A.B. asks: 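Can you keep this structure in mind? I'll have questions shortly.
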Amino acid sequence: MPCSAKASYKKLPGTLELNGTHIQWTQDGKKAPAVRVPHASFFSLFCSKDGSPQVRLKLALVNDDTGHNFTFISTPQSMALAERETFKTELTNIIAKNRSAPQQTPQPAAPPSHIKLPTNSGPITAASSTPGTPASFAPAASRAASVSSDGRTPIIPGTDAASDFRLRKRVLLANTELASLHRELVMTGQITEAEFWEGREHLLLAESSSTSQKRGRPGTLVDPRPQAIEGGEVKIIITPQLVTDIFEEFPVVQKAYAEVVPKKLNETEFWRRYFQSKLFHAHRASIRSSATQHVVKEDPIFDKYLEKDDDEIEPRRARDEIHDLYINLGATNEDHEETGNTKDFTMQAGRQRGALPLIRKFNEHSERLLNSTLGDGPAKKKRKTDDDDEYRRIELEDLNDFEASSGIVLEMQDRQRYFEGRGSGANGNADGDDPAKAVDIRHVFAEARKSTVDWSSRFSQLKVEKKAGDAAFQTMTQNVATRLKSKGQKNDLPPTLFASMRTCQTAANEFLRQFWTSMYPPIALPGLSNGALTTAADQQNRAAKAAKMAGYLGKTHEKVASLVEIAKREGADVSRVEVAMKPMLDAVDHATTFWSARQAKGTKAR
Amino acid sequence: MEKASHLSVIVDLSPTQWHLSAQPSNPYPLSIQSFLSQLLAFLNTHVAAKHENTLAVYGALPGKSVLLYSSSDPAPENAPASDANAFTPFKLVDATVVDRIMQEFEAVSEAEEEAPCSLVSALAKALCYINRITHPSTSAGPEDPNELPDPRILILSVSPDLSSSYIPIMNCIFSAQKLKVTIDVCKVYGPETVFLQQAAHLTEGSYIHLERRDALLQYLVMSFLAPPSVRGVLAVPRQERIDFRAACFCHKNIVDIGFVCSVCLSIFCQPVPVCSTCRTKFPIKTLQRLNASRPPGPPRQATPQTSPAKPSTNGHRGFGPELNGRP
């Protein structure tokens, strides 16, 4: 398996090596490889044509189509070609393996070589993940260890610090806002890594479960498309990968290849004629191929392999009898006769005969795809033979009501009180000096009785004073206008100012979150000891954290003031900045008041 | 063409509150006489706006609620004497409404003291009425569901919040939401009412607190004449700040911080060992923890207009609202 060759990369001479786990390229005279890619990220392979002056090989990676270009520079060229052929074979195998085996999950107990990240995976990762100092990383590691040991939040899958760290990095990469907050607070050392992730464990969990999900085979049909058309010439680039795919999809081509190459045709000739043959056009996944039917030449070799169009009423490949009653829709037909639904005749597959081969091709493709996922293992067979109980096979587990519980009945006690409720404060107005109390009720009732007398003459003289009407009109128009204004208002704050406002706001929010989590739930209570939670050290930690956060929060007003200052300088609307920051300042004030009240109480108690 | 619209008006007829409203010490005193005249003008405007428009008027009186007028009622036998100055259909509405009010006032004045005004009962009746006209039995109703009127409710309130009616009023609000009925509120006199603010907000209606009470008709016509379907085009004034606080179930106080039963969602003003609604028992540790987390010292003086309620201690802990990109 290991092989190496002289190859240039980005016009620099060097050595290309392929070993059991990685492909790597080292510049001449250097020790460390400049390119190092693990097998798992190989995606596809492209080679320059045999006759071309340079012997090139391009390796595209998962998530990176540009990949890496290597030029084999051994002399004479035949040697370079031979070397490339070796690499090609090896790489093709690896790629095929990558594709067939769905992406493996990163193993928790990976060997050390896996933990080291590929150096070429971009500067962003380095910026956002590498903690500035070893000191800030250390607590994270210890935190991870403590988490797994005390068993409170046991489900973080990466038990070792390294995979935990990788997981966090992935979360940050996927969420730019969180990443910037992280950069803002953790990189600058204001909050430790562990504090930052506290209360955000769910993000890590979600990430780890999404990455550990099995990815299936890609479901695209093999459909090589002509790339360039010059004067009627059609160019199709054949990659080793494409060849494998074609063989897999159309076994008849593989058969032809085995029989014809190299006796009758050499490889290039074989593909050239294949792509011109009727066989190829029959394999294309579209009806448009029928239009080109007449330009396709007769080909004595390939026409032998041509199959008749699969457009008879019965498909050529007899469908497997559906043994599984669960998916056989016809099996429960008799249950549905009485529902009165007429059958749906609007969709008839293959009313247009030309479409039949395509439909069948798609069906076969899907079936192949599903089978490859299912694996032709024993599970399928077991299901088939297990026909002792027909009823059980059509039983839908989801529809079974295992726990027929009647729910929790809300038994309201003393309903009278709730619906008619003459509670203690029935009069609504808790104020002692309720003006309604000071009124002579008899007088009021008499007044009410009188009020309707002679209404019609008063009604005919109804008149709204102009001044009052205008004032009312003004206030209402103003109300509507304010709303309209705020609706039509553009966000015309300078982008830099707006960005720093956002930063300030998210940072303060984070401090608030940290502050309140260190406050609640209170642990100073006796009888609430939750195992290891209430050790003295823990309490001190929390108190220290709260003090620190309160300190940060105390500076928020300064920060906002400086923002307002900037706004003034840049000519932005100062009042809008103030309004925007107001809710945050209110929350901060609430927290600081709470903190100082608690401090005062603490000193008094002592 | 606009759909016909149905308007149910609920008039708060608390004699005491109207008496207080008419006191000359108020900034702009409004007597019930003047109020009635302006109300009648508004009712006539609604009826005149479209021939198919329908109207129902409810009176919320001390201890009872009555339907004062409904346009689906047959015309009374003793029709009022025709008036050369009035369009007969208008005259009919006006006379019926005022006569009924007069009767009801006569009936109420027997009482020794004034019972709380049953606004909720009027609201519930209005909702039932609307439910009936929007879901006609198949034989009676028009074929085309589009011909059914577009319903809404307007509450003209003078009484303060009755916190004991918190639960029924919330239930009314939920029914209104389900029926897609807009509830508009015009606070003619008295302090802001939290519940009616919520009613208007939750049903996408508008809540107006009168500033110039002598110009009531101006407010009524500008804010409440347009049916909800028109309000997308014709903007009407709305309340900008809404008080979302709830009343506790135990003392019927409006609370800033409430404690919510995890089983039945009852709200309490202090941690309780047993939920009085569903008799769920809470662990003693939870109680201790909740008690410890209550704000120290005397309860913080609330500023109802600006601080939304914190319905549970677990959700909000005073975080500022997210900056939504448009300051």
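As the structure is a computational prediction, the values presented were derived from the model and not from experiment. Numbered from 1 within each chain, the chains take letters A, B, ... in sequence-line order. What you see below is based on every heavy atom in this structure, not just the backbone, and it leaves out hydrogens, waters and symmetry mates.
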A.B. asks: Kindly determine whether A/Leu462 and B/Leu40 satisfy side chain to side chain contact (heavy atoms under 4.5 Å, CB included), including the steps that lead there.
C.D. replies: CA-CA 10 Å; A/Leu462 168 67; B/Leu40 294 178; over 6 Å; no
A.B. asks: Considering non-hydrogen atoms only, spot the tightest contact between B/Pro15 and A/Phe445 and give its length.
C.D. replies: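 Smallest heavy-atom distance, with atoms named: CG-CE2, 3.6 Å.
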A.B. asks: Starting at CG of B/Asn44, measure out to CZ of A/Phe459 and round the result to the nearest 0.5 Å.
C.D. replies: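 Between atom CG of B/Asn44 and atom CZ of A/Phe459 there are 5.0 Å.
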A.B. asks: With a 4.5 Å cut-off on heavy-atom pairs, point out which of B/Arg212, B/Arg213, B/Gln33 contacts chain A the most.
C.D. replies: B/Gln33
A.B. asks: Can you tell which part of B/Leu36 gets under 4.5 Å to a heavy atom of chain A, answering side chain, backbone, both or neither?
C.D. replies: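 Looking at B/Leu36, just its side chain touches chain A.
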A.B. asks: Under 3.5 Å, is there a donor-acceptor pair between the side chain of A/Arg483 and the main chain of B/Val236?
C.D. replies: yes
A.B. asks: Would B/Lys91 and A/Ser456 count as a side chain to side chain contact (heavy atoms under 4.5 Å, CB included) here? Give the steps.
C.D. replies: CA-CA 9 Å; B/Lys91 180 86 184 174; A/Ser456 102; 4.2 Å; yes
A.B. asks: Minimum heavy-atom separation for A/Ser451 to B/Ile32, with atom names?
C.D. replies: CB-CG2, 3.2 Å
A.B. asks: In terms of heavy-atom proximity below 4.5 Å to chain A, should B/Glu104 be classed as side chain, backbone, both, or neither?
C.D. replies: neither
A.B. asks: Roughly how far apart are B/Ser206 OG and A/Met476 CE, rounded to 0.5 Å?
C.D. replies: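 The CE atom of A/Met476 is 10.0 Å from OG of B/Ser206, to the nearest 0.5 Å.
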A.B. asks: Out of curiosity, A/Gln474 CD to B/Gln218 CD, how far, rounded to the nearest 0.5 Å?
C.D. replies: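 These two atoms lie 10.5 Å from each other.
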A.B. asks: Rounded to the nearest 0.5 Å, how far apart are CD of A/Glu447 and CZ of B/Phe105?
C.D. replies: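 Atom-to-atom, A/Glu447:CD and B/Phe105:CZ are 10.0 Å apart.
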A.B. asks: Just by distance, do the side chain of A/Asn479 and the backbone of B/Arg238 share a donor-acceptor pair under 3.5 Å?
C.D. replies: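 Answer holds: yes.
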A.B. asks: For the CZ atom on A/Phe473, are there more than 12 heavy atoms of other groups (residues, nucleotides or ligands in this structure) within a distance under 6.0 Å?
C.D. replies: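 For A/Phe473, atom CZ is not crowded (no more than 12 foreign heavy atoms under 6.0 Å).
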A.B. asks: Out of curiosity, A/Lys467 NZ to B/Asp214 CG, how far, rounded to the nearest 0.5 Å?
C.D. replies: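 Atom-to-atom, A/Lys467:NZ and B/Asp214:CG are 9.0 Å apart.
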A.B. asks: Considering non-hydrogen atoms only, spot the tightest contact between A/Ala472 and B/Tyr219 and give its length.
C.D. replies: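 In terms of heavy atoms, the two residues are closest at CB-CE1, 3.3 Å.
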